[in-house]
Number of protein chains: 2
Amino acid sequence: MRIRATAAATLPSVGHAADIGDLRDIVGFHLRLAYGAVYRHFAETFSHLDLTQKQVSVLWLVADHPDIAQTGLAQRMRMDRATTMAIVNRLEARGYLVRGKSATDRRKQTLNLTDAGRGALTVAKAAVREHESWLKARYTPAEVQTLIELLTRLHE
Amino acid sequence: MRIRATAAATLPSVGHAADIGDLRDIVGFHLRLAYGAVYRHFAETFSHLDLTQKQVSVLWLVADHPDIAQTGLAQRMRMDRATTMAIVNRLEARGYLVRGKSATDRRKQTLNLTDAGRGALTVAKAAVREHESWLKARYTPAEVQTLIELLTRLHE
DNA sequence: CGAGAAACGTTGGCGACACTAACAATCATC
DNA sequence: GATGATTGTTAGTGTCGCCAACGTTTCTCG
């Protein structure tokens, strides 16, 4: 991700009146914009950690599921096997997790966090909480539940 | 995007029981999964057209706003100027839109659809309708409204 | 049991995008 | 009229999604 503390925005600021016509009725359009906004804020919040959403999710899942295989990760995150490889490689190179041999199935490998990985995850979780409260600030608790419920129907 | 009619999925199918632990409470996580699911379905629906969400959105917006400048597009779609360039270049290369000189401001350029672009948009809009009904099939009309409303708060 | 099918990890390649950084031309403003 | 901002542009980097193909290992089924 490589986020700098940066200035020099090339992203034109929107003066709050950009009409988008019929596009306003397209759920997919709003989903994309919302995703983009959240993605950007996440990147900001994590600029000091140099971690992406994906990377944090992987650390998180590996912590929750020791000895998980790459395929398990891929399933839970709806990722391609190849993409999973790339992410695991990156995290392994940074010393946040290690691959091991599976005892039960020699095709598989186990994934586990290192101490450094656990440390990074702890810091990352704090940042996630911050990010989430930025996000949730626009909603009542009930609305948050509704939103999660509605989004879940989309990916289940 | 380059979508083939394809077989040979490298994306492991998920057997509907993938537990994700605490991650279940993270709005951002659901948003990412939902976005991914919608993105994938969109790509499928548009495989015969070879158009991405972004490209369709740009065609749509240019049709609604003749003579719009690239900055206008970028604002409405929350895109980087550089990214906007890339997309406009692609669409121009395919003969779907043309750049022209602005009469009022010689820094700006006007964007307009060609006949081919209008034709593509017409077909694309039909595909969008199909895509949207796939998406909306999981919701009541009221829920659709709620979802749009909640998502809008995230990007406005 | 043994052969073929399936799963797992791996690699390489392509395309889409986001973001940065820097530049020239053109306004806008004082 | 000089200064600073805006617009389009190019170039580069990094993330990620998907496909294709391969070797190893396991499963399935005749």
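Computed from a predicted model, the values in this text were never measured in an experiment. To find a chain, count down the sequence lines: A is the first, B the second, and so on, and within it residues start at 1.
The listed nucleotides are dC18(D), dC8(C), dG8(D); the one nearest the side chain of Asp80(A) is dC18(D). Closest to the side chain of Arg90(A), out of dC8(C), dC16(D), dA16(C), is dC16(D). You'll find that the side chain of Ala82(B) is closest to dT20(C), out of dT24(D), dT20(C), dT7(D). Listed candidates were dT10(C), dA16(C), dC27(C). Nearest to the side chain of Arg107(B) is dC27(C). Listed nucleotides dT15(D), dG8(D), dT10(C) differ in distance to Gln55(A); the shortest reach to its side chain belongs to dT15(D).
Judged by distance alone, with hydrogens and angles left aside, Arg81(A) brings a side-chain donor or acceptor within reach of the base of dG9(C), the pair sitting under 3.5 Å.
Phosphate proximity of dT9(D) to Gln109(B): present, with a side-chain N or O under 4.0 Å from OP1 or OP2. Contact annotation: Gln70(B) side-chain N/O to dT9(D) OP1/OP2 distance is under 4.0 Å. At the phosphate of dC16(D), OP1 or OP2 sits under 4.0 Å from a side-chain N or O atom of Thr52(A). For the pair Thr83(A) and dG17(D), the criterion of a side-chain N or O lying under 4.0 Å from OP1 or OP2 is met. The side chain of Arg99(B) places an N or O atom within less than 4.0 Å of a non-bridging phosphate oxygen (OP1 or OP2) of dT9(D).
Side chains of Arg90(B) and Thr52(B) form no contact here, defined as non-hydrogen atoms less than 4.5 Å apart. You'll find the side chain of Phe46(A) reaches within 4.5 Å of the side chain of Val56(A), heavy atoms only.
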Begin from the C-alpha positions of Arg40(A) and Glu44(A) and carry the test salt bridge (Lys or Arg N to Asp or Glu O under 4.0 Å) through to its verdict. CA-CA 6 Å; Arg40(A) 271 189 291 275; Glu44(A) 254 178 69; over 6 Å; no
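Among the heavy atoms of the strands lying under 4.0 Å from Thr71(B) are primed sugar atoms or P, OP1, OP2 only; no base atom is included.
dA16(C) atom P lies 10 Å from atom CG of Leu51(B), rounded to whole Å.
Taking the six-membered ring for Trp and thresholds of 30 and 60 degrees, Tyr39(B) and Tyr35(B) have ring planes inclined between 30 and 60 degrees apart.
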